[in-house]
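Chain letters run A, B, ... following the sequence lines, proteins first, then strands; residues in each count from 1.
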Number of protein chains: 2
Amino acid sequence: MREATLAEIKENARRQLAEQGPGGVSLRAIARDMGMTAPGLYRYFSSIGDLLNALKADLFTELAEAVEGASSALPPEDTDGRILTSLRAFRTWALANRPEFALMFGLPGPDRTADARVLEAARHFAATFFALFDRLLEERRFALPAEEGIPPALRAQLDAFATETGFTTDNVSYGALRVLLSSWVRLYGVVCMEVFDHLSLILGDMEPLFEAELQEVLTPLGVAYRPQEEP
Amino acid sequence: MREATLAEIKENARRQLAEQGPGGVSLRAIARDMGMTAPGLYRYFSSIGDLLNALKADLFTELAEAVEGASSALPPEDTDGRILTSLRAFRTWALANRPEFALMFGLPGPDRTADARVLEAARHFAATFFALFDRLLEERRFALPAEEGIPPALRAQLDAFATETGFTTDNVSYGALRVLLSSWVRLYGVVCMEVFDHLSLILGDMEPLFEAELQEVLTPLGVAYRPQEEP
DNA sequence: CGGCGTCAGCTTACGGTGTTCACGGAAGAT
DNA sequence: ATCTTCCGTGAACACCGTAAGCTGACGCCG
């Protein structure tokens, strides 16, 4: 019963987020829509920042599920297909849920994040892609860049990266981490610019650019690009 | 005299932005700091969104000046050096002015941008980099990708891009635009993730990654990478 | 059964916000 | 000297987040 109202609160918050954008989410409006008063919500969340963090965590798992759901429609052996659809699902979800994406990936307010739930959910989301990349490594699809080409300063950071993500520098080389990181940044950059509308004045439809980047990023990784099949 | 108070308002807004982050900028606080009352500000700006847009435009020109300033410290013939320092100046400014960057590049509120001043300033900022890239093309530093490799859908978008930016498909090929766009997205992505703290949990210091990306993006463009000289 | 503790939700209140409106006053132009 | 134009104020409205204290219902336990 408590769980139900808790879910209802987040549901309404989500609706407001979608309709008004982040910043348009207000405790009072949520309470109003639920036939409650604002202070009553404090039984469930210690502040509006707390609510937003909880929502944020939910959104990360929702996004992760969207990605995994799309990916799992393909046979497990089809690593190429799963990678392609996962990345496309990421973009699709982001575009279909722009305000949500802005909340998740935009600058947090003065209330510093550091929320355990959010971090956990974000980690799970990231792990989705790490797992796929791991398959790619196991299948030895591509030649890893030479370790000597990687500056020592970057290598040190990659160490932190590896320990944080569960990869270890034993089973995964610096070169692999380097490639993973730069591939992710590149594709993430396109989606980020698209959601935040940075090129709208310049580029009408960004899907061709995304698809082209997809191809250009994945091909050197040994992933066979396939055009998107339209249903 | 009107100009002076107008500047003072924006100055105070800027200070609040830097201290409290976007969203922490309030008309009443600005007025308070200036010994005025909030409604008085409406003689200068029609709303707080209007003020923020004006500020945004100023910030774009400030950023452009920071980039051009750093770049112009090098001799004009040194295209390589100017490109490197311009991109580094972009990152440096973004990191030194995170809330400002968030205002400029984050999602605008419900008040849709479409502000002429902002667009103009943003265009000028972008032109800074376009000019450098143009030099690169004139010097024919690198082999352009074949046009046939570029999907027709993307080509159509690149046409819009070209007409919008002053490049024409006469003096600049699809391949060049394709390279420019993907290079920019890649470097922008790193800075964006760094400012928005997306990898802070994973990567402590992102400067090595940025420098590595810089090298990897620019080398194929025929730009000789040089490590950053520390003063 | 009576008492007790826990909890949900309300009312009230405080201080903050953007914005509108009607007003005063100063300065410049005719 | 009057008229106009503009700057800035004060009061008001409608919101917002949050703290404190209260009421009422529920379950548990003696």
Side-chain angles (χ1 to χ4, degrees), chain A residues 1-56 99 102-103 106-115 118, chain B residues 1-56 99 102-103 106-115 118:
Chain A
M1 37 213 77
R2 182 181 169 81
E3 289 299 320
T5 58
L6 213 143
E8 191 185 350
I9 293 173
K10 289 196 283 193
E11 190 179 315
N12 282 56
R14 170 71 181 276
R15 197 163 37 72
Q16 281 196 28
L17 174 61
E19 288 170 3
Q20 319 259 359
V25 188
S26 91
L27 285 183
R28 294 188 115 111
I30 295 171
R32 209 179 303 128
D33 285 4
M34 298 178 55
M36 282 181 58
T37 59
L41 298 180
Y42 279 78
R43 297 278 165 193
Y44 299 90
F45 297 98
S46 65
S47 75
I48 190 170
D50 187 38
L51 197 175
L52 286 176
N53 274 332
L55 188 53
K56 210 160 151 177
L103 174 66
L107 252 197
D111 45 346
R112 215 77 184 86
T113 305
D115 186 292
V118 176
Chain B
M1 37 213 76
R2 182 182 168 82
E3 290 299 319
T5 56
L6 213 145
E8 191 186 350
I9 294 173
K10 288 195 285 193
E11 190 179 315
N12 282 59
R14 169 71 179 276
R15 197 164 36 72
Q16 281 197 27
L17 173 62
E19 287 170 3
Q20 318 261 358
V25 188
S26 92
L27 284 183
R28 294 188 117 110
I30 295 171
R32 211 180 301 128
D33 285 3
M34 298 178 55
M36 282 181 58
T37 58
L41 297 180
Y42 279 77
R43 298 278 168 194
Y44 300 90
F45 297 98
S46 65
S47 76
I48 190 170
D50 187 37
L51 197 174
L52 287 175
N53 274 331
L55 188 55
K56 209 161 150 178
L103 174 65
L107 250 200
D111 46 347
R112 216 78 184 85
T113 306
D115 186 293
V118 176

Taking N or O atoms only and anything under 3.5 Å, show me the protein contacts with nucleotides 9-12 of chain C, one pair per line.
unit_1	atom_1	unit_2	atom_2	d
C:dG9	OP2	A:Tyr44	OH	2.5
C:dG9	N7	A:Arg43	NE	3.0
C:dG9	O6	A:Arg43	NH2	2.4
C:dC10	OP2	A:Thr37	N	2.7
C:dC10	OP2	A:Thr37	OG1	2.8

Interatomic distance, CG@B:Asp50 vs CG@B:Asp115, rounded to 0.5 Å, equals 7.0 Å

Take atom CG of A:Leu51 and atom C1' of D:dT18, then tell me their distance rounded to the nearest Å. 14 Å

Residue list, side-chain hydrogen bond (donor to acceptor under 3.5 Å, both in side chains) with B:Tyr42, at least two apart or on another chain: none

Length of the CE-P vector between B:Met1 and D:dG8, whole Å: 12 Å

Can you tell me if the side-chain N/O atoms of A:Tyr42 get under 4.0 Å from OP1 or OP2 in D:dT18? yes

Determine yes or no for a side-chain-to-main-chain donor-acceptor pair under 3.5 angstrom, with B:Thr5 supplying the side chain and B:Glu8 the backbone. no

With a 3.5 Å cut-off and sequence neighbours excluded, list the donor-acceptor pairs that the side chains of residues 21-37 of chain B form with protein atoms.
unit_1	atom_1	unit_2	atom_2	d
B:Ser26	OG	B:Ala29	N	3.0
B:Asp33	OD2	B:Arg15	NH2	3.3

Protein-nucleotide distance (A:Leu52, atom CG; D:dG17, atom P), rounded to Å: 10 Å

Could you list all the salt bridge (Lys or Arg N to Asp or Glu O under 4.0 Å) pairs where at least one residue sits in residues 36-45 of chain A, not counting sequence neighbours? none

Would you mind reading off the distance between B:Ile30 atom CD1 and D:dG8 atom P, rounded to a whole angstrom? 14 Å

Can you name the nearest heavy-atom pair linking B:Leu51 to B:Phe45, along with the distance? CA-CD2, 3.6 Å

Does the side chain of B:Arg32 get closer than 4.0 angstrom to OP1 or OP2 of C:dT17 through an N or O atom? yes

Spacing of A:Leu41 atom CG relative to D:dG17 atom P, expressed in whole Å: 9 Å

Let me know the distance between CD of B:Gln20 and C1' of D:dG17, rounded to the nearest Å. 16 Å

Choosing from D:dC7, C:dT17, C:dG18, which nucleotide comes nearest the side chain of B:Ile48? C:dG18

Mind calculating the distance between CZ (B:Phe45) and P (D:dC6) to the nearest angstrom? 17 Å

Could you check A:Lys56 against A:Leu52 for side chain to side chain contact (heavy atoms under 4.5 Å, CB included), going step by step and ending with a plain yes or no? CA-CA 6 Å; A:Lys56 210 160 151 177; A:Leu52 286 176; over 6 Å; no

How close or far is atom P of C:dA8 from atom CD of A:Glu8, stated in whole angstroms? 15 Å

